[in-house]
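Residue numbering restarts at 1 for every chain, and letters A, B, ... go by the order of the sequence lines. Since the model is a prediction, treat every value here as computed from it, not as a measurement.
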Number of protein chains: 2
Amino acid sequence: MPWSDGSYKIKKVISIGTVSELTGLSERQIRYYEERKLIFPERSKTGIRKYSFQDVETLIEIANQLEEGVLTHEIRKELKRREQLIDPKVVRNSLLQGQLNAHFK
Amino acid sequence: MPWSDGSYKIKKVISIGTVSELTGLSERQIRYYEERKLIFPERSKTGIRKYSFQDVETLIEIANQLEEGVLTHEIRKELKRREQLIDPKVVRNSLLQGQLNAHFK
DNA sequence: CGTGTAAGGAATTCTGACACG
DNA sequence: CGTGTAAGGAATTCTGACACG
């Protein structure tokens, strides 16, 4: 089974009500953070939002940052920075970019 | 966070529609296997069934067994046997039982 | 035995908006 | 800016039952 590896953490299967219970955040807050591009749930064919455990963790971090007075725009940049450190796609592109730079130096 | 350990696999957060997609089983089938004591979802306060990724895996095994012509009652015994091998509670009880047996031999 | 389906109701989720500050 | 809420509609889930075999 394609999904049965160790990737339970990133599989988007949790609906917003459950995420609300897990994080202690209101559904309003969760939807707002999506509007501000901090979180990216998938959607069922009929438009129902689905989140992963990874998303739940991110949401808790977002809530913590906000409590500290950080603005959503700042949090967004912080999250973006982190993505680049782990996203294989970005890693590949970085390497490619390095080669290009060297080639055209 | 209590849930944020490696236990994403056993946390019951997936509703039946999503489980149906993940397993390819109908909701009718999934509810029936519960009726036959093969699977044990949790319930939200309002009665909505919630499953874990572990449950999803179990459901797929159940479906495979059924295709092979195994009866739900047989599958139930098989699953019970397995539980005993991994459930810490049962392990503890077995040890305790051993001590008692020795004591009253 | 295992599964499909129609039935009626209850709970969930969605969007866009008004409110406060 | 970040969050609450009432509003109306659409999608989801639940149970008990009839059906087939």
Side-chain angles (χ1 to χ4, degrees), chain A residues 11-80, chain B residues 11-80:
Chain A
K11 190 83 179 158
K12 310 221 176 199
V13 296
I14 315 175
S15 48
I16 198 165
T18 301
V19 172
S20 175
E21 291 183 349
L22 254 26
T23 60
L25 298 171
S26 69
E27 298 184 8
R28 177 68 164 101
Q29 289 174 303
I30 298 169
R31 293 195 189 99
Y32 180 66
Y33 303 155
E34 176 182 1
E35 187 182 321
R36 300 313 306 274
K37 310 289 187 188
L38 303 181
I39 197 84
F40 306 93
E42 287 182 356
R43 298 278 187 138
S44 71
K45 323 83 221 279
T46 54
I48 305 295
R49 269 171 270 248
K50 297 296 179 184
Y51 302 83
S52 65
F53 281 109
Q54 174 64 73
D55 289 333
V56 170
E57 291 194 8
T58 301
L59 281 168
I60 290 177
E61 292 188 57
I62 291 170
N64 289 155
Q65 297 281 295
L66 285 170
E67 278 176 32
E68 291 175 33
V70 184
L71 299 176
T72 55
H73 188 254
E74 302 299 322
I75 300 175
R76 182 163 183 271
K77 285 190 290 189
E78 165 66 25
L79 290 174
K80 261 195 166 179
Chain B
K11 189 84 181 156
K12 310 220 175 197
V13 297
I14 315 175
S15 48
I16 198 167
T18 302
V19 172
S20 176
E21 292 182 350
L22 253 26
T23 60
L25 298 171
S26 69
E27 298 184 8
R28 177 69 163 102
Q29 288 174 303
I30 298 169
R31 293 196 189 99
Y32 179 68
Y33 303 155
E34 177 182 0
E35 187 182 320
R36 301 314 305 273
K37 311 287 187 189
L38 302 181
I39 196 86
F40 306 93
E42 287 183 357
R43 296 280 186 138
S44 70
K45 322 86 223 274
T46 54
I48 305 295
R49 271 170 270 246
K50 296 296 179 185
Y51 303 84
S52 66
F53 280 109
Q54 174 64 71
D55 290 332
V56 170
E57 289 194 10
T58 301
L59 282 168
I60 291 177
E61 291 187 57
I62 292 171
N64 290 155
Q65 297 282 295
L66 285 170
E67 278 176 32
E68 290 174 34
V70 183
L71 299 176
T72 54
H73 188 254
E74 302 299 323
I75 300 176
R76 180 162 183 273
K77 286 190 289 190
E78 166 67 24
L79 289 175
K80 262 196 166 175

Asker: Between B/T46 and B/Y33, who's closer to the 5' end of DNA chain C by nearest nucleotide?
Answerer: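 Nearest-nucleotide comparison on DNA chain C picks B/Y33.
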Asker: Choosing from D/dT3, C/dG2, C/dT15, which nucleotide comes nearest the side chain of A/L66?
Answerer: D/dT3
Asker: OH of B/Y51 versus C1' of D/dT12: gap in Å, rounded?
Answerer: 13 Å
Asker: Go through the steps to decide whether B/S15 and B/K50 satisfy the test side-chain contact (heavy atoms from CB on, under 4.5 Å), and finish with yes or no.
Answerer: CA-CA 5 Å; B/S15 48; B/K50 296 296 179 185; 3.9 Å; yes
Asker: So, applying side-chain contact (heavy atoms from CB on, under 4.5 Å) with B/R76, which one of B/L71, B/L38, B/I62 is it?
Answerer: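 One option only clears the test, and that one is B/L38.
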Asker: Nearest whole angstrom, please: distance from the C1' of C/dT13 to the CD of A/E21.
Answerer: 14 Å
Asker: Under 4.0 Å: is that the gap between some side-chain N or O of B/S44 and OP1 or OP2 of C/dA11?
Answerer: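 No.
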Asker: Between B/R43 and A/Q29, which residue's closest nucleotide on DNA chain D lies nearer the 5′ terminus?
Answerer: A/Q29
Asker: Would you say B/R28 reaches C/dG2's phosphate, i.e. side-chain N/O to OP1/OP2 under 4.0 Å?
Answerer: no
Asker: Of the options C/dG4, C/dT13, D/dT13, whose atoms approach the side-chain atoms of B/I16 most closely?
Answerer: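 Among the listed nucleotides, the one closest to the side chain of B/I16 is D/dT13.
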Asker: State which of C/dC14, C/dT12, D/dG4 makes the closest approach to the side chain of A/S26.
Answerer: D/dG4
Asker: Using only side-chain N and O atoms of A/S15, determine if any of them is under 4.0 Å from OP1 or OP2 of C/dT13.
Answerer: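 Yes, because at least one side-chain N or O of A/S15 sits under 4.0 Å from OP1 or OP2 of C/dT13.
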Asker: For C/dA19, give its Watson-Crick or G-U wobble partner with both distances under 3.5 Å, or none.
Answerer: D/dT3
Asker: If you compare every side-chain N and O of B/R49 against the phosphate oxygens of D/dT15 (OP1, OP2), does one of them come in below 4.0 Å?
Answerer: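 For B/R49, the contact criterion (side-chain N or O under 4.0 Å from OP1 or OP2 of D/dT15) is met.
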Asker: I need the OH-P distance between A/Y32 and C/dT13, as an integer number of Å.
Answerer: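 Between P of C/dT13 and OH of A/Y32: 22 Å.
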Asker: Please report, rounded to the nearest Å, how far the C1' atom of C/dG2 is from the CD atom of B/E34.
Answerer: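 For the pair B/E34 CD and C/dG2 C1', the rounded distance is 16 Å.
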Asker: Return the pairing partner of C/dA11 with a 3.5 Å limit on both distances, Watson-Crick or G-U wobble; otherwise return none.
Answerer: none
Asker: Just how far, in rounded Å, is P of C/dT13 from NZ of A/K50?
Answerer: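 So the two atoms are 8 Å apart, to the nearest Å.
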Asker: Taking it one step at a time, do B/K45 and A/E21 satisfy salt bridge (charged side-chain N to carboxylate O under 4.0 Å, His left out)?
Answerer: CA-CA 12 Å; B/K45 322 86 223 274; A/E21 291 183 349; 2.5 Å; yes
Asker: What heavy-atom pair brings B/L25 and B/S20 nearest, and what distance separates the two atoms?
Answerer: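 It is O-OG, 2.6 Å.
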Asker: From CG of A/L71 over to C1' of D/dT3, roughly how many Å is that when rounded to an integer?
Answerer: 15 Å
Asker: Pick out which of A/H73, A/E74, A/E67 makes a side-chain contact (heavy atoms from CB on, under 4.5 Å) with A/V70.
Answerer: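 Only match with A/V70 under side-chain contact (heavy atoms from CB on, under 4.5 Å): A/E74.
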Asker: To the nearest Å, give me how far apart NE2 (A/H73) and C1' (D/dG2) are.
Answerer: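 After rounding, the reported distance stands at 16 Å.
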Asker: Write down the distance between CZ (A/R31) and C1' (C/dA17), rounded to a whole number of angstrom.
Answerer: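 Spelled out: CZ on A/R31 to C1' on C/dA17 is 14 Å.
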